[in-house]
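Treat the numbers as computed from the prediction; the structure is a model and nothing was measured.
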Amino acid sequence: MSDDLATLSRLLAEPGQPDTLVKAFEAATKRLVGHELFTLLYVDGEEVARIYSNRPAEYPVSGRKKMGPTPWGAHVLQGRKPYLGRDKAGIRWAFFDHELIESMGLGSVINVPALYDGKVVGTINLLGPEHHYREEHVAPVVALAPLLVPAFIAARAAARAV
């Protein structure tokens with residue numbers, strides 16, 4: 001874990017951001033806790049917008065969805081807390097697109113908010129097979145989450161500049 005933190009911290013200074021950092025972050029989380037779907041969403045009011053997806057056919061970059069006025073939004077976006085959905089019931093509770101998620105063979109999720117200045121600027125989303133994730137899988141992602149703050153802020157700024 002400390003090697004991943006050091007590597008990712010070093011990569012922040014490298015050119016080619018945010019792609020360089022995001023791809024290394026995806027690899028680190030895959031190694032630490034595993035995932036079959038990995039997405040990053042920046043927060044824009046009550047909506048979230050996808051800035052990265054390892055499965056763009058199903059979850060394309062720039063996809064947007066309203067998540068603020070949902071129980072998930074209250075927990076993650078307003079509550080600033082990670083969400084662990086261990087099974088399909090947890091997926092159904094959190095996401096209106098649960099049928100697509102389940103059709104991909106996925107049934108557990110970890111969502112981790114990236115915080116800056118007291119606000120959630122983005123979420124890190126890892127999905128795996130049902131019952132894959134346990135409580136101990138959340139902490140490693142939480143520890144790495146602050147490193148993605150610049151990527152979320154840059155993505156939101158770029159979208160607003162258009």
Between the OG1 atom in Thr70 and the CH2 atom in Trp93, the distance rounded to the nearest 0.5 Å is 7.0 Å
Name all pairs fulfilling the salt bridge (charged side-chain N to carboxylate O under 4.0 Å, His left out) condition that reach into residues 141-155, sequence neighbours left out, sorted by first residue then second. none
Test side-chain hydrogen bond (donor to acceptor under 3.5 Å, both in side chains) applied to Arg134 - qualifying residues, sequence neighbours left out: Glu136
Apply side-chain hydrogen bond (donor to acceptor under 3.5 Å, both in side chains) to Thr29 and list each qualifying residue two or more places apart in sequence or on a separate chain. His35
Compare every heavy atom of Val138 with every heavy atom of Pro82, then report the nearest pair and how far apart it is. CB-CG1, 3.7 Å
On a heavy-atom basis, the closest approach of Leu126 and Gly34 is CD2-O, 4.0 Å
Just to verify, what does Lys88 make a side-chain contact (heavy atoms from CB on, under 4.5 Å) with, not counting sequence neighbours? Arg92, Glu102, Glu130
Asp4 vs Arg31, test: side-chain contact (heavy atoms from CB on, under 4.5 Å). Steps then yes/no. CA-CA 10 Å; Asp4 290 311; Arg31 189 172 47 259; 2.3 Å; yes
One should read off an interatomic distance between Leu8 CG and Leu144 CG, to the nearest 0.5 angstrom, of 6.0 Å
Only counting residues at least two apart or in another chain, list the ones meeting side-chain contact (heavy atoms from CB on, under 4.5 Å) with Pro146. none
d(Glu26 CD, Leu148 CG) to nearest 0.5 Å is 11.0 Å
Look at the side chain of Ser9 and the backbone N and O of Ala6, then say whether any donor-acceptor pair between them is shorter than 3.5 Å. no
Taking all non-hydrogen atoms of both residues, which atom of Val61 and which atom of Ser53 are closest, and how far apart? CG2-N, 4.0 Å
Is the side chain of Tyr83 donor-acceptor paired with the backbone N or O of Gly90 at a distance under 3.5 Å, no angle test? yes
Considering all heavy atoms, the nearest Ser108-His131 contact: CB-N, 4.0 Å
Euclidean distance, Leu127 CG relative to Met104 CE, rounded to 0.5 Å: 7.5 Å
Using side-chain heavy atoms (C-beta onward) and a distance below 4.5 Å, is Asp44 in contact with Arg64? yes
By the salt bridge (charged side-chain N to carboxylate O under 4.0 Å, His left out) test, which pairs, at least two apart or in different chains, include something from residues 103-115? none
Look only at the side chain of His132 and the backbone of Leu106, and say whether a donor-acceptor pair between them is shorter than 3.5 Å. no
Sequence neighbours excluded - side-chain hydrogen bond (donor to acceptor under 3.5 Å, both in side chains) pairs with any residue from residues 11-25: none
If I take atom CD from residue Gln78 and atom CH2 from residue Trp72, how far apart are they, to the nearest 0.5 angstrom? 9.5 Å
Give the table of side-chain donor-acceptor pairs shorter than 3.5 Å for residues 112-124, with sequence neighbours excluded, one pair per line with atom names and distance.
unit_1 : atom_1 : unit_2 : atom_2 : d
Thr123 : OG1    : Asn125 : OD1    : 3.2
Thr123 : OG1    : Asn125 : ND2    : 3.2

Quick one: list whatever passes ring pair (Phe, Tyr, Trp, His ring centres under 6.0 Å) with Tyr133, sequence neighbours left out. His137
Applying salt bridge (charged side-chain N to carboxylate O under 4.0 Å, His left out), can you list everything that pairs with Arg86, at least two apart in sequence or on another chain? Glu135
So Leu32 and Val141, do their side chains get closer than 4.5 Å, heavy atoms only? no
Inter- and intrachain pairs under ring-ring contact (aromatic ring centres under 6.0 Å, His included), touching residues 39-63, at least two apart: Phe38-Tyr52
Could you list the residues that satisfy side-chain hydrogen bond (donor to acceptor under 3.5 Å, both in side chains) with Asp87, not counting sequence neighbours? none
